Amino acid sequence: MSKEMVIQIENARVEMGSRTILSVDHLEISRGERVAVIGNSGSGKTTLMRMLKGYVPCLEGKVVVMGDVFPIRDPQKMKNHHRHIGMIHQHFDLIGRETVWQNVYHGRLGYVSLLKSVFGVCSERDLQICAQAIHEVHLEGKQRRFARTLSGGEQQRVAIARALAQEPTILLADEPVSSLDPALAEDIMDLLVSVCDAYDLTLMMSLHLPELARRYADRILALKNGEIMWDGSSDSLSNDRICEIYEFMGTNGVVNGNGTRASRSAFTWPYGWQGQPLPGG
Amino acid sequence: MAGKVSLFLAVSALLFWSFQGSEFSPGQFWRGIPQLFHFFGRMTPPDWSVWDVLLTSAIETLQTTIAGTFLGALFAYPLGVLAASNWTPIWVHLPIKAFMAFVRSIPLLLLALLFVSAVGLGPFPGVLALAVHSVGVLGRFVAEEIEATDPKPLLALQGTGASSLQIIQHGLIPQVLPQMVAHLAIRFEMNLRDSTILGLVGAGGLGFYVFLYVKQFQWQKSGVLVLAIIALVFAGEFAAWQVRKRLI
């Protein structure tokens, strides 16, 4: 019996202005897979994730995530879609002036009615899930600390706990370790993989370093100029292939440091779904 | 080089034109200095018999300021959110920004005069004038603060499935609250200063009695009230500074 498909993409295309920045002919990801997306800056890694999250619209083709067919017009359905897909960002994107616990609780907001969240009413279940999420990322002692006072690695742990509190099925990690030093990066990668195993999550992460991708993923997608140029198990990705993938970056094989970054002005509110794709994605 | 010379000449001409037009006269000022001391001399010794007037009018000034600032903030915060260009479409934020700019362009004393003629003498027109003025000034700061907020954490909250109002409550407000309170403290300080002269047009407070006593040539009494104004403004500045220091 084949495994359940959580992501199915056929002929999807994302444009920015008149330029096609992502074009995926065929991609299927089944439940429980650990997929790493590699490629140069601007190759479409972030755009792929933003498309799955529904932040950028795909113009044509078919995108089905967890049975939801894009584009999702119904706000309630979109909300459901959002809470099934946890996302972790390169710069953590926590609310710095709130505590660790509050930031983790933000993951529950999709389940809590507005009235309850205004008056800070937490159900027993919400409390339990947040406590469990904080336990998973080993931050029990720091629940009352403000997020901005934590180190980068700890902040990324909070972001992982926030995503876990969403009770997601899919975890998207957009360059989760790019702003951490190598030792911390391994810690965070170990943690990510272990929580995905523990909760049977499908993990899709974009990574800058092919070594990390080979070590932590079972499947690797290589993007180049917005197209998938390689898709296979991580052991079958040869060094020659990697060189080919990164061939045109023009910096003598050194992987360009910071890849994609959302521009400050890109957040439009609350008409978000129709927003333009971010530059450089 | 020629550009610099012509700029120098242009600025010189502008300054000459301004001083000429405003009848600037150092000699006249020099001759007036004794008169200045004479004026202060007439205010001393302070006549402390007006302490009851002082107390009631100082309290009235304080009350006017608090009420006016509160009323202004009540409208300024929601309007400021609506005036943030990255949160609302242009047909919402442009008219609101234009309205706030228009309100800011009306001098406070003119506003007070307007409300005095509408609702009569006393502190109430002062409250209205301060409130309207505060909407213009505070609303603009709120909008600018929101426009400068890092949108990425908000997007991350949106990605958890939070609704719009939940994102405002859990994402936007915690990020902008300290600056909002700091701006409110500065506004309070400015309003306190402004409300001391609202009495000039009959809108109550300390200023009203200063001008009353000056008109009656009771210099020693007005001197006491001037001292009270200085003390009050100084206290307001100190309070606002304390608030800001704790927040930022």
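Chain letters run A, B, ... following the sequence lines, proteins first and then strands; every chain starts at 1. All values below were derived from every heavy atom in this structure, side-chain atoms included, with hydrogens, water molecules and symmetry-related copies excluded. If you're wondering where the values come from, they're calculated on a predicted model, not measured in any experiment.
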A side-chain contact here means heavy atoms from C-beta on lying under 4.5 Å apart; do A:Leu48 and A:Met204 qualify?
yes

Where on A:Ile85 is there a heavy atom nearer than 4.5 Å to chain B: the side chain, the backbone, both, or neither?
backbone

What part of A:Arg162 lies closer than 4.5 angstrom to a heavy atom of chain B: side chain, backbone, both or neither?
side chain

Give the member of B:Gly159, B:Ala162, B:Pro174, B:Ala156 that has the highest number of heavy-atom pairs under 4.5 Å with chain A.
B:Gly159

Expected list for residues 93-102 of chain B: side-chain donor-acceptor pairs under 3.5 angstrom, two or more places apart:
residue	atom	partner	partner atom	Å
B:His93	ND1	B:Thr88	O	3.0
B:His93	ND1	B:Pro89	O	3.3
B:Lys97	NZ	B:Ala83	O	3.4
B:Lys97	NZ	B:Glu147	OE2	2.7

Would you check if B:Ser195 and B:Leu130 make a side-chain contact, meaning some heavy-atom pair closer than 4.5 Å?
yes

Heavy-atom count around B:Phe16 CZ within 6.0 Å, excluding the residue itself: above 12?
no

Which of A:Glu98, A:Met87, A:Arg108, A:Gln102 touches chain B most, by non-hydrogen pairs under 4.5 Å:
A:Glu98

Per-residue contact mode, A:Leu114 against chain B (heavy atom under 4.5 angstrom):
both

Cut-off 4.5 Å, heavy atoms of chain B, and the answer for A:His106 is both

Can you list the residues that meet the side chain to side chain contact (heavy atoms under 4.5 Å, CB included) rule with B:Val233, with sequence neighbours excluded?
B:Arg193, B:Thr196, B:Ile229, B:Glu237

Applying a strict 4.5 Å limit to non-hydrogen atoms, the region of B:Gln175 in contact with chain A is both

Per-residue contact mode, A:Tyr105 against chain B (heavy atom under 4.5 angstrom)
side chain

